[in-house]
Q: 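Following this message is one structure expressed as C-alpha cells.
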Amino acid sequence: MSGHLRLGVNIDHVATIRNARGGVYPDPIRAALVAQEAGADGITAHLREDRRHIIDEDIGHLIGAISLPLNMEMAATEEMVEIALRHRPHAACIVPERREEVTTEGGLNAAGLHNNLKPLITRLKDVGIRVSLFIEPDPRQIEAALSLGAPVVELHTGKYAHSEGEDRAVELRRIADAAALAAKNGIEAHAGHGLTFDNVAPIAAIPQIAELNIGHFLIAEAIFDGLGPVVQRMRALMDASRPSTGSGSVG
Ligand code: PXP
C-alpha cells in the first residue's frame, strides 16, 4: 500500500461545542461539508453510549448531506449495532468505550473479546458495512483481527502522540510493524488518535497505512484559523447598525 493517504475528519468535537449550549451551533453537518470541500476523503463520527457529542439524528443527517463515506465509530453493543444496521454507514469502527473516560484511551482487546465480537462483526459485514477494529499496534491484536475476519484495523496512535524521544521512536516502530503485519495478512491499516501538525509526518510516511482519522486537533486549530475573521464580521455587523457612530467612540 502506498500512494494517496486518505484523511478521515472526525467532527465529534464540533458537536461537543454544540451540546455545551444544547442548541444548533456549531452544526457538525456543516463542519463535515467544510471538511469535504477542503479535501477530506471521509467523515468520522463517534456515536457514544452517553451521546456526549454526536447524537442519533446526526448520523442520518450526515449520511444525507455528505457525498463522502461516513465512518461511524461505535462500541460493540447491541444498541449500536442496531443503529448501524439501520443507517448503513460506509464503515463502522469498533472502539472500546468506558463512560468515565475523557476519550478513547486504549485499543480494543480484540483477542480477549473474540466471542462477543465475532457475531457482531458478521452482522455488520453481512449488510456491506466495512468493519474496522480500533486496536493497539500489537501483533496479537492483528492476529485477532484476522481471525475475526475484520477487513480493516485502525492502529491507536495515542501512545505515540503522547510520548517523546526514545519512547516515541519505539511506538513509531510498533505502529510501522503492525501496519506491515496487517498489510501482509490482507488487512487494511488505518491509524489515528492525538495526531497534530507536529507529529503527523512520521505516521503519514508509513507506506502500509491507508487512512488517518483526525479530530480533536483539527477542530481545536480551526478556532485559531477562524476566530479572527468571525470577530471582524461581528464587529462589521455591529458597526453597520450604528451608521452615525464611528468605531471606537465611547458613548
Ligand atoms: N480514531 C478513533 C477510532 C478514535 O476513537 C478517535 C477519537 O475519537 C480518533 C481516531 C481521532 O482522535 P483525535 O480526536 O485525537 O484526533
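Each ligand, and each atom within it, is numbered from 1 in the order the structure gives.
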Q: With Asp167, which residues qualify under salt bridge (Lys or Arg N to Asp or Glu O under 4.0 Å), at least two apart?
A: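 If we apply the salt bridge (Lys or Arg N to Asp or Glu O under 4.0 Å) test to Asp167, skipping adjacent residues, there are no hits.
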Q: Hey, does Arg130 have a side-chain heavy atom less than 4.5 Å from the side chain of Lys125?
A: no
Q: Partners of Glu78 by salt bridge (Lys or Arg N to Asp or Glu O under 4.0 Å), sequence neighbours excluded?
A: Arg123
Q: Quick check on contacts: which atoms of ligand 1 are under 4.0 angstrom from a heavy atom of Asn10?
A: 8 (O)
Q: Which atoms of ligand 1 have any heavy atom of Val95 under 4.0 Å away?
A: 3 (C)
Q: So, Asn71 versus Thr44: side-chain donor-acceptor pair below 3.5 Å or not?
A: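 Yes - a donor-acceptor pair under 3.5 Å links their side chains.
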Q: Could you tell me whether Arg51 and Glu79 make a salt bridge, using a distance below 4.0 angstrom between a side-chain N and a carboxylate O?
A: yes
Q: So if I count the atoms of ligand 1 from 1 in the order they appear, which ones are less than 4.0 Å from some heavy atom of His216?
A: 13 (P), 14 (O), 16 (O)
Q: Against heavy atoms of Ile214, which atoms of ligand 1 measure under 4.0 Å?
A: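 Atoms satisfying the 4.0 Å criterion: 16 (O).
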Q: Identify whether the distance between the nearest side-chain nitrogen and carboxylate oxygen of Asp177 and Lys184 falls below 4.0 Å.
A: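 Result for this pair is no, no salt bridge flagged.
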Q: Establish, from distance only, whether the side-chain atoms of Glu188 and His190 form a donor-acceptor pair under 3.5 Å.
A: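 The criterion, which ignores hydrogens and geometry beyond distance, is satisfied for His190 and Glu188.
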Q: Considering only heavy atoms of Asn213, which atoms of ligand 1 have at least one such atom less than 4.0 Å away?
A: 10 (C), 11 (C)
Q: Around atom 16 (O) of ligand 1, find the nearest protein heavy atom and jot down its residue, atom name and distance.
A: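 That would be Gly215 N, 2.7 Å.
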Q: For ligand 1, note which part of Glu154 has a heavy atom under 4.0 Å away: side chain, backbone, both or neither.
A: side chain
Q: With respect to Gly194, determine whether any N or O atom, backbone or side chain, lies less than 3.5 Å from an N or O atom of ligand 1.
A: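 Yes, at least one N or O pair falls under 3.5 Å.
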Q: How does Glu73 reach ligand 1, by side chain, by backbone, by both or by neither, if only non-hydrogen atoms under 4.0 Å count?
A: side chain
Q: Quick one: look up the protein heavy atom nearest atom 7 (C) of ligand 1 and list residue, atom name and how far away it is.
A: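 Ranking protein heavy atoms by distance from atom 7 (C) of ligand 1, first comes His193 ND1, 3.7 Å.
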